[in-house]
Q: 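Take this structure, written in structure tokens, and hold onto it; I'll ask about it next.
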Amino acid sequence: MTRYSAAHWGVYEVAADPAGAAPRLTPLRIDPDPNPIGLDQLDDSVTRLRIARPAIRKGWLEGRTREGRGEESFVELPWDEALDITAAEIARVQRDHGNEAIFGGSYGWSSAGRFHHAQSQLHRFYNMLGGYVRSVDSYSLGAGRVLMPHIATSMDDSNASHTSWDVLEAHCTLFVSFGGVPLKNTRVSSSGAGRHRVRGGLKKLREAGARIINIGPVGDNLGDGDAGEWIAIRPNTDTAMMLALAWVVLHDPLFDRSFLDSHTVGFDIFRAYLLGEADGTPKTPDWAAAITGVPAAQIAALGHDLLRHRTMLNCAWALQRAAHGEQPFWALVTLAAMVGQIGLPGGGYGLGYGAMNVMGSAHPRLPGPVFPQGRNGVSAFIPCARVTDMLLHPGDRFTYNGGVHVYPDIRLVHWAGGNPFHHHQDLNRLRQGWARPDTIIVQEQHWTPVARQADIVLPATISLERDDIGFATREGLFVAMRQAVPPQGEARDDHAIFAALARRLGVEQAFTEGLDTLDWLRRIYDESVEKIATTGINLPDFDHFWEDGLIDLSVHDAPHVMHADFRRDCSAHPLSTPSGKIEIFSEKIAGFALPDCPGHPVWLEPYEWLGHEKAGTYPLHLLSDQPERRLHSQLDASPYSRAGKVAGREPVYLNRTDAGARGIVDGDLVELFNDRGCCLAGAILSDAIMPGVARLATGAWFDPGPDLERHGNPNVLTLDRGASGLSQGCVAQTCLIEARRFTGEPPRLTVFDPPPVVTGG
């Protein structure tokens with residue numbers, strides 16, 4: 001019998017080793033383009049970093065001191081002793097400071113399983129205790145998640161509703177993507193990619209004769225990077241080009257405003273801005289050329305082409321991870337509405353072809369298994385990218401989505417799954433904030449950077465060490481993730497850890513409801529099957545599913561066109577906006593009176609360009625994109641991830657002209673720096689990146705030294721500021737730096753060595 005395991009980067013078949021060694025993972029046979037990430041989850045280089053036993057930082061154990069986080073050794077303790085100490089500390093903070101002093105972190109892609117999802121387990125546990133301070137939105141889509149429900153539809157609906165690749169192949173003749181379609185990003189889906197479809201989708205689109213245009217500062221991020229046109233554009237200026245394209249469309253003899261009149265609101269207010277009637281500046285191609293670096297004639301020609309083809313306009317998520325990140329999404333939707341093809345096969349817009357595997361899926365959208373989390377009794381929250389502000393400035397006010405809120409005073413952080421020392425910006429500033437709470441509890445599988453910065457570390461199992469169910473929206477598979485290997489060391493699954501804490505805190509029955517893991521799997525599967533049956537799809541009972549191991553839903557695939565029903569009859573199928581239509585002008589957002597996010601799409605200069613940096617102190621714009629050889633920071637210690645490094649460091653891609661001016665050659669170690677920090681990286685010179693731009697992927701495990709980060713983590717350089725007063729999203733892509741060749745003896749990397757641990761108890 002074949003056994004399976006689901007991970008965010010793919011579904012794998014698990015083959016037992018007859019000699020008793022670790023099982024061998026192979027790609028799912030029905031996957032047309034398997035992802036190599038994850039095949040070495042059980043490699044010695046990864047397993048040697050596993051956390052073997054519960055461990056408590058020496059200074060905290062002996063004197064409850066906050067000093068020494070990330071520097072001191074840990075003391076291993078028996079589970080019962082560690083759990084008693086942990087439960088007592090949670091109870092103390094509750095008693096002395098209230099539940100509003102507890103932050104339930106757990107941001108990140110911790111598990112593809114629907115039950116052993118650390119975030120869900122942690123949230124249910126604290127909800128049973130009365131609640132916790134939560135975070136909302138995501139680093140990936142902070143601006144988009146807040147904006148899109150106001151103007152079209154939620155990001156979750158958008159992600160699951162993109163026009164399918166088969167429809168694009170049959171109908172699209174012009175595919176224009178701001179930010180490209182980076183194949184490396186599409187190798188994953190939250191909760192498990194099934195059949196990897198994007199490489200094949202782009203290939204078929206090209207073979208069908210479609211013209212594919214990549215607009216961005218990087219030229220090799222369109223599928224395999226071997227086809228299509230590249231229009232090089234200055235980072236953070238896409239909105240200006242979109243506005244100029246809208247100006248061209250408006251003045252084209254083929255422009256037809258009938259769709260605008262029937263399916264949108266507020267166009268005439270935006271039109272006055274576009275023509276310069278509102279601010280005295282018409283948004284012409286000449287105006288945009290001076291901002292973007294794209295020739296005016298090229299902008300004008302593309303604008304006319306939009307109306308003469310079945311055109312799909314796409315925008316990468318990276319564009320909204322920037323200062324004023326709401327504007328490129330809003331401008332793209334507006335431009336697509338002016339072209340008038342939204343809801344037509346092969347036309348309209350996409351917000352993330354190239355962000356995850358799910359976009360463009362023809363699989364049915366079905367409700368999957370859900371582990372219930374209960375109700376949170378604490379109303380306080382933060383946008384996830386404002387965690388350092390919360391820790392450093394309790395009591396300060398912040399705006400979010402039209403409201404004014406207050407940062408709580410956090411005394412205890414409990415993190416289960418995820419790595420803030422990967423996701424967050426300005427890591428030196430985060431370390432300052434991280435030093436302030438009384439206690440940091442981390443449940444982790446490996447000695448990751450966040451585990452090293454904890455006071456209490458509780459070792460958790462990996463997916464291959466437990467039973468679970470894999471299911472991802474529109475990925476077309478149910479996966480029986482049966483345990484493949486025993487837990488390493490004394491690791492326990494997150495549910496067992498929280499159940500043990502719940503027992504000590506008097507809420508065990510509320511948390512577990514008397515169910516063990518298999519009982520929970522059966523329950524959440526059966527609930528999902530019952531909901532799916534209402535769609536006319538009948539699935540096998542749990543026992544048959546568990547025995548067979550895989551349910552393939554591809555027989556139910558069907559072509560899909562985003563917003564087709566809305567286009568056909570917007571009264572019968574309204575959007576979830578206040579007007580039920582696409583809101584080019586949002587009266588609600590305008591009513592918030594935010595100077596950095598008015599009521600319609602606008603061009604606003606990124607604030608990182610201002611002051612001395614604009615004058616040339618830091619002349620390179622840093623792009624911190626997603627890595628090719630791992631998901632975020634997961635499995636950075638693996639052979640596959642480390643094979644892509646240069647001299648053991650994360651590679652930074654530089655244009656040959658920029659490198660030559662600095663005396664940098666291929667393979668050199670370079671220092672990247674600005675006022676916020678400095679890191680080492682290994683140089684790769686490329687003609688596929690425009691002058692004035694550097695590209696350094698995220699996810700190298702944070703390895704701070706006295707004067708510089710040693711491994712190539714770009715978030716020692718990125719700016720920790722909200723995208724706007726509307727979303728407070730992260731602005732990682734708005735970052736200016738300088739580079740210089742590193743001289744001297746390279747410092748030794750330490751992050752792949754476990755921290756010092758002594759046995760106690």
Side-chain angles (χ1 to χ4, degrees), residues 83-108 110 114-138 145-146 156 370-387 389-391 393-418 420 436-443 456 458 494-515 520 523-524 527 728:
L83 289 167
D84 288 345
I85 291 171
T86 304
E89 179 62 5
I90 294 170
R92 180 194 71 81
V93 173
Q94 275 190 295
R95 181 187 65 247
D96 294 350
H97 305 288
N99 284 61
E100 208 169 281
I102 298 172
F103 182 63
S106 188
Y107 176 87
S110 56
R114 293 300 80 210
F115 176 66
H116 289 296
H117 183 244
Q119 187 179 93
S120 301
Q121 295 283 345
L122 177 129
H123 292 172
R124 179 179 174 88
F125 168 74
Y126 277 107
N127 284 340
M128 298 304 110
L129 288 175
Y132 63 98
V133 175
R134 71 195 194 280
S135 64
V136 298
D137 304 328
S138 69
R145 283 193 174 277
V146 178
D156 286 340
V370 176
F371 180 57
Q373 297 176 29
R375 192 184 71 84
N376 191 345
V378 171
S379 60
F381 72 93
I382 61 164
C384 70
R386 304 272 54 81
V387 62
D389 287 352
M390 173 187 71
L391 296 175
H393 303 296
D396 279 10
R397 295 177 178 273
F398 66 94
T399 61
Y400 172 80
N401 206 11
V404 179
H405 308 273
V406 176
Y407 290 124
D409 187 1
I410 297 300
R411 301 303 183 96
L412 183 146
V413 173
H414 196 153
W415 210 282
R436 293 179 65 92
D438 298 342
T439 305
I440 309 286
I441 305 168
V442 170
Q443 285 171 220
I456 300 172
L458 304 176
D494 293 297
H495 184 72
I497 295 171
F498 285 121
L501 290 172
R503 184 181 315 122
R504 287 163 170 79
L505 293 166
V507 293
E508 180 183 19
Q509 178 59 34
F511 179 74
T512 68
E513 298 188 26
L515 304 178
W520 273 112
R523 173 171 152 180
I524 64 176
E527 290 172 347
Q728 302 291 351

Q: Can you name the closest pair of heavy atoms from Ile382 and Val387 and give their distance?
A: CD1-CA, 3.6 Å

Q: With a 4.5 Å cut-off on side-chain heavy atoms, are Thr86 and Ile441 touching?
A: yes

Q: Which residue pairs satisfy the salt bridge (Lys or Arg N to Asp or Glu O under 4.0 Å) criterion with at least one member in residues 93-102, sequence neighbours excluded?
A: Arg92-Asp96

Q: Using side-chain hydrogen bond (donor to acceptor under 3.5 Å, both in side chains) as the criterion, list what pairs up with His393, not counting sequence neighbours.
A: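 side-chain hydrogen bond (donor to acceptor under 3.5 Å, both in side chains) check on His393 returns nothing, list empty.
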
Q: Look up atom OH in Tyr126 and atom NE2 in His414, then write down how far apart they are to the nearest 0.5 Å.
A: 5.0 Å

Q: Nearest 0.5 Å please: distance from the OH atom of Tyr407 over to the CG atom of Leu391.
A: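 If we round to the nearest 0.5 Å, Tyr407:OH and Leu391:CG are 10.5 Å apart.
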
Q: So, using side-chain hydrogen bond (donor to acceptor under 3.5 Å, both in side chains) as the criterion, who are the partners of Gln121 when residues are at least two apart?
A: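 So Gln121 forms a side-chain hydrogen bond (donor to acceptor under 3.5 Å, both in side chains) with His495.
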
Q: So, for Ser120 and Gln373, which heavy atoms are closest and what is the spacing to 0.1 Å?
A: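 For Ser120 and Gln373, the tightest heavy-atom pair comes out as OG-NE2, 3.3 Å.
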
Q: Do Glu527 and Val370 come within less than 4.5 Å of each other through their side chains, counting heavy atoms only?
A: no

Q: Does the side-chain contact (heavy atoms from CB on, under 4.5 Å) test come out yes or no for Trp415 and Ile440, once each step is laid out?
A: CA-CA 8 Å; Trp415 210 282; Ile440 309 286; 5.8 Å; no

Q: Please collect all salt bridge (Lys or Arg N to Asp or Glu O under 4.0 Å) contacts where either partner lies in residues 115-137, sequence neighbours excluded, each pair once.
A: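 Checked against salt bridge (Lys or Arg N to Asp or Glu O under 4.0 Å) - neighbours excluded - the pairs reaching residues 115-137 are Arg124-Glu513.
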
Q: Pair Tyr400, Val146 - check side-chain contact (heavy atoms from CB on, under 4.5 Å), show working.
A: CA-CA 9 Å; Tyr400 172 80; Val146 178; 3.6 Å; yes

Q: Taking all non-hydrogen atoms of both residues into account, name the closest pair between Gly104 and Leu122 and its distance.
A: CA-CD2, 3.6 Å

Q: Which heavy atom of Phe381 sits nearest a heavy atom of Val133, and at what distance?
A: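 Minimum heavy-atom contact is CA-CG1, 4.2 Å.
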
Q: Roughly how far apart are Leu458 CG and Leu501 CG, rounded to 0.5 Å?
A: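 Answer for the CG-CG pair, Leu458 versus Leu501, is 7.0 Å.
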
Q: Show every salt bridge (Lys or Arg N to Asp or Glu O under 4.0 Å) that has at least one partner inside residues 403-416, sequence neighbours left out.
A: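 Pairs touching residues 403-416 that pass the test: Asp409-Arg411, Arg411-Asp438.
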
Q: CD1/Ile410 to NE2/His97 distance, rounded to the nearest 0.5 angstrom?
A: 11.0 Å

Q: Mind checking whether Asp396 and Asp389 have side chains closer than 4.5 Å, heavy atoms only?
A: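 Result no, sub-4.5 Å side-chain heavy-atom pair not found.
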
Q: Nearest 0.5 Å please: distance from the CD atom of Gln728 over to the CG atom of Asn401.
A: 11.0 Å

Q: Which value, rounded to the nearest 0.5 Å, describes the distance between Asp494 atom CG and Gln443 atom CD?
A: 5.0 Å

Q: Please report the shortest heavy-atom distance between Ala502 and Phe511, naming the atom on each side.
A: CB-CB, 4.0 Å

Q: State, with a plain yes or no, whether a side-chain heavy atom of Phe103 is found less than 4.5 Å away from one of Pro437.
A: no

Q: Please determine whether side-chain contact (heavy atoms from CB on, under 4.5 Å) holds for the pair Thr439 and Val93, giving the CA-CA distance in whole Å, both sets of side-chain angles, and the decisive distance to 0.1 Å.
A: CA-CA 9 Å; Thr439 305; Val93 173; 5.6 Å; no

Q: Of all the heavy-atom pairs spanning Ala118 and Ala416, show the shortest one and how long it is.
A: CB-O, 3.2 Å

Q: Go through the structure and list residues passing side-chain hydrogen bond (donor to acceptor under 3.5 Å, both in side chains) with Asn99, not counting sequence neighbours.
A: Gln94

